Each structure stands twice: as structure tokens, then as C-alpha cells.
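Report on the structure given below.
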Amino acid sequence: MFGSLSDRLAATFKGLRGKGRLSEADIDATVREIRTALLEADVALPVVRSFTARVKERALSEEVSGALNPAQQVVKIVHGELVDILGGETRGLRMAKTGPTFIMLAGLQGAGKTTLAGKLAAHLKSEGHTPLLVAADLQRPNAVDQLTVVAERAGVPIYAPQPGNGVGDPVEVARDARPYAETRLHDVVIVDTAGRLAIDAELMDQLRQVRDAIEPDDTLLVVDAMIGQDAVATAEQFAEQVGFDGVVLTKLDGDARGGAALSIVSVTERPIMFASVGEQVGDFETFHPDRMANRILDMGDMLTLIEQAERAFDAEQAEKMARKVSSGEDFTLEDFLEQMQSIKKMGSLGKILGMLPGMGDMKAQLDQVDDRELDRVSAIIQSMTPGERADPKILNASRRARIARGSGTQVSDVNGLIERFADAQKMMRQMGKGGGMPGPGGMPGAGGVPGMPGMPGAGGKKSKGKMAKQTGRKAKKGRSGNPAKRAAQEAGDSGAAAGTAAGAPEETMTPPDMSQLPDDLKKLLS
């Protein structure tokens, strides 16, 4: 969503590199570029004026003029101001001290309230809560049926005593949900309310009645992030007529300009609490202003990546793999399949790689990563016998033809996978001997996209020159034959890319610290 804004800001900061001191004219030009970037991103004009005024004031102060690296200091100032307009601090749900916590969802029709209710319930369930969904949207056709399906996907129960489709009293349903939840020991109740295509008196009156009946601990306004300034206007009217405690942005994975996220907090003075980032039940995140600012400035979001990895990777499986590598045992296709399935749980490959620092210059490569290749890889491996997975050397021509027929692929696809797997196996053997992990692009078949070893469909060995051309850097030659030295060389290249993207001199930046990642993820993202 923030792609165009990130590109404009990155270009602005690159223009500051190499300057030992920033003049007032330099700062004025930079602030003008930032103002243009924000306006093009559909950020509200009052927010833009306030933002750029604060940036200019701080940039003209001793905070920058006395700095050793003024360009980096300007990036730091912009980052801090972005965090502020996004809310400053992460705001969690307000849990009731006694009895079930009631959360009321409000918003216009089409904003995604019903789907969001299931995602929020699944999120709370993963944190150890026992949520209950309440179908209080009795106006929209099939709203109750939709919530029932969503509840089933999320694996949570639903309270739906009325059929909906214009039949039933939503206030009564919401009121009766409290004793129902108490008798069944649900500690969180999520009430899905009705919406309209536009704000009207009837909608607001009904929401106020539901609110008064359940006295929610938190009222969340669900806003479609793709409708731009209309989202801000909608939030203002809800705040005036019903009131709400926090905002949930849906469709944050879309291609809109992102102005709603950068405007809504300043205009309504309510925090953004959660964000929906995809269509699946698990595509749901707690909104962290500092992490979102990092993404906008192409600084990566390692903390979110680590959290997703911790949820996706099984600790016992990771420990087993670590022991296997350290003992020198061969990395098998069965292990490879487990790794692919764990990666798939984390979501889109492009999204995962996009959370790494300095990936803004590699958007073309990330766009080419096809998530369906994971399914093809899985189909090919699952079409093999246990013996073939353990020892791919026995795969002769007839076996490969049989595997291709069984997986619905071509023999060339099977051959390509076996070749890439052989490269991955060599790398794992090298790690077992203490040779260290190759740096980004160090494994053949990665297609120039760091961290995706042997992934079919992500490119091949020939793509390194193409990536260098797109990032404006020459491809490195003459790599050391020593694996450890080669890893250090390539890690240095990765750090330079991150520095370039963030607008800082290349010699001052260091590679991102991935030491906190689980072992399995280190092997695939390093």
C-alpha cells in the first residue's frame, strides 16, 4: 500500500547523501519533496502541513547541524514524525477485570467487519482466550450465514439466535449474549453489528442502542483503507455520533495510496489498533506505529517477521533440524518439504521478503515470486516414495516421468527441483562442517532474491546481473573460495543495499541482525 510513498521518500533521501552539511535551501527542498510525496499518498492536507512543519523545525535545529551525518539524521527525524502521526505507541485491547470482555465492531457496509470479526477471534484464540462471535447484523442479506462460515474457519463458536435477513432485534441479541457467554465461560465477546452503504440516522441510532445494551469495553471502527480520504470523513462522523475507542484498517495489503492510515489518527485522535493484511484468517496484525514507519522508510520489519516465524515454525521441528545439520546428516527432500510448509504458513513469499531491510530496490524481483510454486514443489515431493525422498540419486528417467504425472507437472519441473535441492543439500553440508551460511544470493536458483534457496519459479542463476542493473550496482566478481569469507563479502553487499535504500552512505551501514530468528528461518532467510 505504501509502495509509491516509500519510493518517493527513498529518492528524496538519496539526494542528501554525500553532503557533509545541509543548508537551509537543502532542507527546504527536502521538505517540499516530502510534502509532495504525502499529498500524492492522499494524506489529509492539515496532517501534511503539521508533519512537514515539524520536520523542517527539527531539521533546522542543532539536532542536524551538529550531526556527523546530516542525511541519516533527517531520515531519523522523518521516522520519528511518522511514528507520531501513526499513533506513537501500540494500543492493545482493554480487557475487563471481571466477566467477559465485550468488543463491538462498527463501520460501513463493505468495510469488512464480518471477516474482521473472525480474524480478531482467531487472533485472540491464539493468545489463549476463548472468544465468542455474536451475530448482531440482522439487516444485511446472509450476514448471519457469512459470520457462521467465518466462525467455522476461525475455529470459534458463534451466538446467532436470530436468522437475520431483516428478521430479529439486534439490541436483544447483543443483550442476551452476555448471560450466554457467562454460562459457557467465554472471556471475550465480539459483536458484529450492521452497517450501511452510507451513514444515516437509523444506523447511528441502532449502534447507540447496541452500545448502551452491552456497554463494550472497546468499540472498534472498521475502516476500509482503500477508500482514502472518505475513510477519514467516515471516522469523524462515527466519532461524533456514536464514539469509538480504536480503528481497525482492512485491505492494508491493497494497492491504494495509504493516506487513510497516515491521516486517521491525527484527525480522530483515536489509535489504529489492528490491521487486516490479506484474505486468510491468519492475515491479521497488531498495528505497531514504529514498525509501520520502518516499512514506509524501507527499514524492514524484523520484529513482525520474527513473530510470524515463531508462530509458523514448530520448536521441536527446529531443534530436530538443528541437530541434524550439526551432526552432519544429509538434508532430505522430506526435510525440504517441511521447510516449505512452514514458510507457507507465514504467508506470501513476497511479503515475507519485503519485511527485510533494504528490499525496496528489489520490488521487481519480489513481484516475480510466485506463491503457487510452493504448491508445485509440495506436489512433486509428495508424489515420491519415502525411499525417493530420502535418496534422490535413485530417481532415474522412468521414476521422474511417473512423479511428473502424479504431481501434474512436467519432467523438466522435476529435474529443476532435484537440481536446486542438490544445491541446498550442499549448503546444509557446508553448514554442518562449520563453514557458515551463504549470504544473500549465495545459493544457485535463488533468482537474485535473498533468502529463497532453490525456489523454483523465482528465477535462476542468470538473474544476478539483472538484479544488479535494477539496483544500480554492478554484480560482484571474484568471490573468495573460502565459504566463511564469501559469506562475509556477500553480507557486506546486503548491508550496502540496505544503506542505499534508507538514504544513508553505504560505508556507514551494517547488515541487518538476524540473530533472533529461529534456526529454521535463518536457514531460509539468510
Side-chain angles (χ1 to χ4, degrees), residues 1 42 44 87 93 103-123 133-151 153-154 164 170 174 190-208 210-211 216 218-265 267-268 270-281 283-287 292:
M1 172 164 283
D42 205 21
L93 289 171
I103 300 170
M104 186 176 87
L105 302 182
L108 293 181
Q109 188 172 313
K113 288 192 307 302
T114 302
T115 304
L116 190 281
K119 292 182 177 182
L120 178 58
H123 171 74
L133 291 177
V134 176
D137 181 359
L138 306 179
Q139 185 69 30
R140 181 169 60 88
N142 298 318
V144 175
D145 294 337
Q146 182 188 354
L147 188 63
T148 301
V149 173
V150 168
R153 290 178 179 173
I190 302 170
V191 182
D192 179 31
T193 62
R196 297 288 191 281
L197 294 176
I199 292 175
D200 57 28
E202 182 183 358
L203 169 64
M204 292 303 178
D205 184 59
Q206 183 183 103
L207 288 176
R208 283 191 291 267
V210 172
R211 178 200 63 193
D218 265 323
T219 299
L220 304 183
L221 178 66
V222 181
V223 174
D224 184 347
M226 298 188 68
I227 64 175
Q229 290 305 300
D230 285 343
V232 179
T234 298
E236 285 186 290
Q237 294 188 54
F238 269 92
E240 293 174 2
Q241 300 188 46
V242 178
F244 60 89
D245 303 296
V247 176
V248 181
L249 290 177
T250 62
K251 307 176 187 177
L252 205 61
D253 57 320
D255 57 0
R257 291 173 289 179
L262 293 171
S263 305
I264 204 164
V265 175
V267 173
T268 67
R270 307 293 198 285
I272 301 173
M273 295 173 58
F274 300 103
S276 174
V277 293
E279 297 179 358
Q280 302 301 317
V281 172
D283 295 334
F284 182 84
E285 297 177 0
T286 299
F287 190 87
M292 186 57 66

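Along the sequence shown, residues carry numbers from 1. Here the structure is a predicted model, which means the values were calculated and not measured.
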Taking all atoms of both residues into account, what is the closest heavy-atom pair of [X] and [Y], and its distance?
| X | Y | value |
| --- | --- | --- |
| Ser263 | Ala44 | OG-N, 2.8 Å |
| Ala194 | Gln139 | CB-CB, 4.2 Å |
| Ala106 | Phe238 | CB-CE2, 4.2 Å |
| Leu133 | Ala117 | CD2-O, 3.5 Å |
| Arg270 | Ala239 | NH2-CB, 4.2 Å |
| Ala122 | Ala154 | CB-CB, 4.0 Å |

Could you check whether any side-chain heavy atom of [X] comes within less than 4.5 Å of a side-chain heavy atom of [Y], counting everything from C-beta outward?
| X | Y | answer |
| --- | --- | --- |
| Met273 | Asp218 | yes |
| Leu108 | Thr234 | yes |
| Ile103 | Leu220 | yes |
| Leu93 | Phe274 | yes |

Would you find a donor on one side and an acceptor on the other, under 3.5 Å apart, between the side chain of [X] and the backbone of [Y]?
| X | Y | answer |
| --- | --- | --- |
| Asn142 | Asp145 | no |
| Asp205 | Ala201 | no |
| Asp245 | Thr219 | yes |
| Arg140 | Gln109 | no |
| Thr193 | Leu105 | yes |
| Arg208 | Gln241 | yes |
| Thr250 | Ala111 | yes |

If I take atom [atom1] from residue [X] and atom [atom2] from residue [Y], how far apart are they, to the nearest 0.5 angstrom?
| X | Y | atom1 | atom2 | result |
| --- | --- | --- | --- | --- |
| Thr114 | Asp192 | OG1 | CG | 4.0 Å |
| Gln237 | Thr268 | CD | OG1 | 13.0 Å |
| Glu285 | Met292 | CD | CE | 6.5 Å |

- request: Answer yes or no: is there an ion pair linking Lys251 with Asp224, defined by an N-O contact shorter than 4.0 Å?
  value: yes
task: Kindly determine whether Phe244 and Leu207 satisfy side chain to side chain contact (heavy atoms under 4.5 Å, CB included), including the steps that lead there.
output: CA-CA 11 Å; Phe244 60 89; Leu207 288 176; over 6 Å; no
task: Please lay out, stage by stage, how Gln146 and Thr115 fare under the test side chain to side chain contact (heavy atoms under 4.5 Å, CB included).
output: CA-CA 8 Å; Gln146 182 188 354; Thr115 304; 3.8 Å; yes
Aromatic plane relationship, His123 with Phe284 - under 30° parallel, 30 to 60° tilted, over 60° perpendicular: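 Tilted: the ring planes of Phe284 and His123 meet at 30° to 60°.
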task: May I ask you to check whether over 12 heavy atoms, not counting those of Glu236, lie within 6.0 Å of atom CD?
output: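 Above 12, so yes.
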